[in-house]
Amino acid sequence: MALYLCRKPVPCTSLCYHLFSSFTSSSYSDPGEPEEQPGFSSTDVKPELPTMQPSTDADMVSQILLQHHNPFHATESSLQLNGVILTPNLVHQILLRLRHCSKIALAFFQYSCQYHPYYAHDTIAFNLLIDILCKVRQFDVAWQLIIQMDQEKIGNFTKPNFTTFYILIRRLISAGLTRQAVRAFSEMHLFTEDDEKGNTGEDFSEFHICFLLDTLCKYGYVKLATELFNKEKWKLDLNVRIYTILIYGWCKVKKIEMANRFFREMIDKGIKPNVVTYNVLLNGICRRASLHPEERFERVIREAEKVFDEMRQRGVEPDVRSYSILLHVYSRAHKPALSLEKLKMMKDRGVCPSIATYTSVIKCLCSCGRMEDAENLLDEMVCNGVSPTSVTYNCFFKEYRGRKDVEGAMRLYNKMKGCGSLCTPDMHSYNILLGMFMMLDKMGLAREIWEDIKASGVGPDMDSYTLLIHGLCEKGKWREACEYFMEMIEKGFLPHKITFETLYRGLIQSDMLKTWRRLKKKLEDESLTFGSEFEKYHLKPYKR
DNA sequence: CTAGGGTTAG
């Protein structure tokens with residue numbers, strides 16, 4: 001962690017060196033065609049992370065890389081990729097497709113740095129890779145990439161920016177490393193230039209502190225956020241946004257009294273709450289409230305209505321989100337009649353239901369077995385110009401799973417896959433179906449889903465593997481479970497402890513010591529020397 | 001993913 005403190009001195013690790021030397025090799029000075037890059041330039045525009053877009057090239061490359069799912073085969077893959085010309089956009093799309101496989105993503109990045117240097121790797125690509133690595137807690141490698149970016153500043157568009165630190169800090173916090181996150185935050189200004197938001201000084205730091213507090217709150221570290229806030233607040237220009245963030249934080253950890261305290265504090269300071277603040281408070285009251293005995297449900301509704309009344313008194317009109325929060329409560333309490341009534345009421349008041357609103361009501365109807373009503377509402381929303389998303393369809397899948405209705409689930413699944421469908425299945429859809437078929441011992445269908453997941457390019461993810469492995473364990477198919485377990489490790493997933501324990505017990509109890517030893521060796525290879533292993537295979541390709 | 005609403009299973 002000493003790395004954090006030094007900017008200019010070069011704490012180059014082997015990985016760093018390697019990437020560095022590939023950038024400074026002869027092809028680096030090649031004129032190339034750097035100005036033809038679409039989508040970004042060396043101006044001060046803050047780059048965003050790209051989103052997944054259809055791209056046959058990216059599909060092809062990522063499929064090739066995934067087929068050699070052991071990243072140590074990077075050289076083999078590169079032979080097949082010889083004719084591919086990497087553009088920055090293609091690199092982004094490939095990295096997005098490899099985002100669940102950190103090791104392959106890193107191997108690919110390293111390969112592409114070597115063979116396609118100079119312009120194919122912009123800050124966005126670095127940021128994507130940093131995100132992928134941080135997700136599996138490879139913070140050291142992420143830092144090395146940041147330092148490398150800082151030292152290179154290739155063509156002036158590969159340098160760490162606010163997004164880089166946003167990603168790093170968010171991942172550090174999500175991993176519980178809040179102290180390191182705060183430290184990274186305080187050192188961020190050494191790496192980034194303050195031109196990203198077009199302003200400097202006070203406003204800029206306030207913009208940043210909002211982001212830090214917000215991230216801390218989102219992951220439940222509201223106490224630390226409050227401490228930082230109290231320490232800094234005398235020099236901040238307090239506004240409704242920063243208070244809303246803290247209120248959100250206290251609501252998230254179910255301390256409504258604390259949320260109310262900050263709510264009063266902001267009013268005392270003359271800062272007017274807006275509709276966002278009220279919705280945060282409303283959500284705090286409703287989101288995780290226990291609804292089990294009828295009286296509790298009624299109490300929650302009463303309190304929610306009280307907030308609605310107060311909003312109107314202060315001249316803040318409830319919006320779609322306010323109603324969606326309320327409808328979510330009805331949905332959780334399984335109150336289809338009240339749910340539909342409220343939906344009508346909001347429409348009468350001129351508030352247009354959104355996808356979230358409809359999804360809440362549809363979820364309610366589905367979970368109460370009123371599939372036909374749910375389908376009618378689905379038609380209605382389409383008529384009103386609101387397209388269902390996979391989230392909406394997942395409500396149906398969940399109900400089909402509950403009813404063990406394989407036929408219904410497959411009918412909807414094929415409808416989603418078919419042409420003219422409004423949305424395609426997402427990882428949740430796949431995982432619900434996969435879990436359902438594993439539970440019902442429909443291995444054929446489970447395999448079909450598994451192939452579709454692989455073909456979709458967005459998975460399998462951690463949950464898919466977990467579901468599949470747990471399902472196989474339940475059926476006593478220990479060897480197959482073990483294969484998938486090793487496959488997921490090779491792809492860079494960190495399995496749950498329970499998955500490992502289940503497999504371990506099964507293998508031992510059924511006397512499969514040979515398989516067990518193979519697994520143990522794999523774990524030793526991968527985790528005990530994980531960090532150094534990462535750097536090693538960047539220096540020299542793995543030999544079989 | 002940059003102050004707020006809808007989904008999995010464990």
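So you know, we letter chains A, B, ... as the sequences are listed, proteins then strands, and number each from 1. The analysis underlying the following values was restricted to heavy atoms, covering all of them including side chains, and did not include hydrogens, waters or symmetry mates.
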- Message: Classify A/N283 by what it touches in the nucleic acid, base, sugar-phosphate, or nothing, heavy-atom distance under 4.0 Å.
- Response: sugar-phosphate

- Report the distance from atom CE of A/M188 to atom P of B/dT2, rounded to the nearest whole Å. 16 Å

- Roughly, in whole Å, what's the span from CD in A/E317 to P in B/dG5? 20 Å

- Query: Rounded to the nearest 0.5 Å, how far does OH of A/Y465 lie from NE2 of A/H100?
  - Reply: 11.0 Å

- A/T392/A/Y358 under side-chain contact (heavy atoms from CB on, under 4.5 Å): CA gap, chis, key distance, verdict: CA-CA 8 Å; A/T392 322; A/Y358 279 120; 5.9 Å; no

- Could you tell me whether the phosphate oxygens of B/dC1, OP1 or OP2, come under 4.0 Å of any side-chain nitrogen or oxygen in A/K218? no

- What about A/F396 and A/Y413, are their ring centers closer than 6.0 Å? no

- Query: Would you say the side chain of A/S324 and the base of B/dG5 hold a donor-acceptor pair, judged only by whether the two atoms sit under 3.5 Å apart?
  - Reply: yes

- Identify whether a stacking contact exists between A/Y166 and B/dT2, where the ring centres must be under 5.5 Å apart and the planes under 30° apart. yes

- Item | Closest to side chain of A/T359, choosing from B/dT7, B/dG6, B/dA3 | B/dG6

- Whole-angstrom distance between B/dC1 and B/dT7, as gauged at atom P: 15 Å

- Query: So does A/K398 get a side-chain nitrogen or oxygen closer than 4.0 Å to the phosphate oxygens (OP1/OP2) of B/dT7?
  - Reply: no

- note: A/L327, atom CG; B/dT7, atom P; distance rounded to Å ~ 12 Å

- Query: Base, sugar-phosphate, or nothing for A/S429, non-hydrogen atoms under 4.0 angstrom?
  - Reply: nothing

- Task: Let me know the distance between CZ of A/F396 and P of B/dG6, rounded to the nearest Å.
- Result: 18 Å

- Message: Is the phosphate of B/dT7 approached by A/H328 (side-chain N or O, under 4.0 Å from OP1 or OP2)?
- Response: yes

- Do the two ring centres, one from A/Y504 and one from A/W478, sit under 6.0 Å apart? no

- Query: Nearest to the side chain of A/S360, which nucleotide is it out of B/dT8, B/dA3, B/dG6?
  - Reply: B/dG6

- Under 4.0 Å between a side-chain N or O of A/R287 and OP1 or OP2 of B/dG6? yes

- Task: Rounded off to whole Å, could you give me the CG-to-P distance for the A/D461 and B/dT7 pair?
- Result: 18 Å

- Message: Of the options B/dG6, B/dG5, B/dT8, whose atoms approach the side-chain atoms of A/T357 most closely?
- Response: B/dG5

- Item | Listed nucleotide nearest any side-chain atom of A/T244, set B/dA3, B/dT7, B/dG6 | B/dA3

- Task: With the side chain of A/I498 defined as its heavy atoms from C-beta on, choose the nearest nucleotide among B/dT2, B/dG10, B/dG5.
- Result: B/dG10

- For the pair A/F185 and A/F211, name the ring-plane relationship: parallel under 30°, tilted 30 to 60°, perpendicular over 60°. tilted

- Donor-acceptor pair (no angle test) under 3.5 Å: A/N394 side chain, B/dT7 base: yes

- Task: Ignoring the backbone of A/D214, work out which of B/dG5, B/dA3, B/dG6 is nearest its side chain.
- Result: B/dA3

- Task: Looking only at non-hydrogen atoms, find the nearest pair between A/A175 and A/R137 and report the distance.
- Result: O-NH1, 3.6 Å

- Task: Could you tell me the separation between the CG atom of A/L172 and the P atom of B/dC1, rounded to a whole number of Å?
- Result: 19 Å

- Listed nucleotide nearest any side-chain atom of A/T392, set B/dA3, B/dC1, B/dG6: B/dG6

- Message: Rounded to whole Å, how long is the line connecting atom CZ of A/F162 with atom C1' of B/dT2?
- Response: 6 Å

- Using a 4.0 Å heavy-atom cut-off across all strands, classify A/S322 as base, sugar-phosphate, or nothing. nothing

- Query: Among B/dG5, B/dA3, B/dT8, which is the nearest nucleotide to the side chain of A/V240?
  - Reply: B/dA3

- Query: Checking all strands, does A/V275 fall into the base, sugar-phosphate, or nothing category for heavy-atom contacts under 4.0 angstrom?
  - Reply: base

- Query: Does any N or O donor sit under 3.5 Å from an N or O acceptor when you compare the side chain of A/T389 with the base of B/dG6?
  - Reply: yes

- Counting any heavy atom closer than 4.0 Å, what does A/I432 reach on the DNA or RNA strands: base, sugar-phosphate only, or nothing? sugar-phosphate

- Item | Separation of B/dG5 C1' from A/L282 CG (nearest whole Å) | 10 Å

- List the steps, then state whether salt bridge (Lys or Arg N to Asp or Glu O under 4.0 Å) holds for A/K344 with A/E380. CA-CA 13 Å; A/K344 190 176 175 304; A/E380 185 201 305; over 6 Å; no

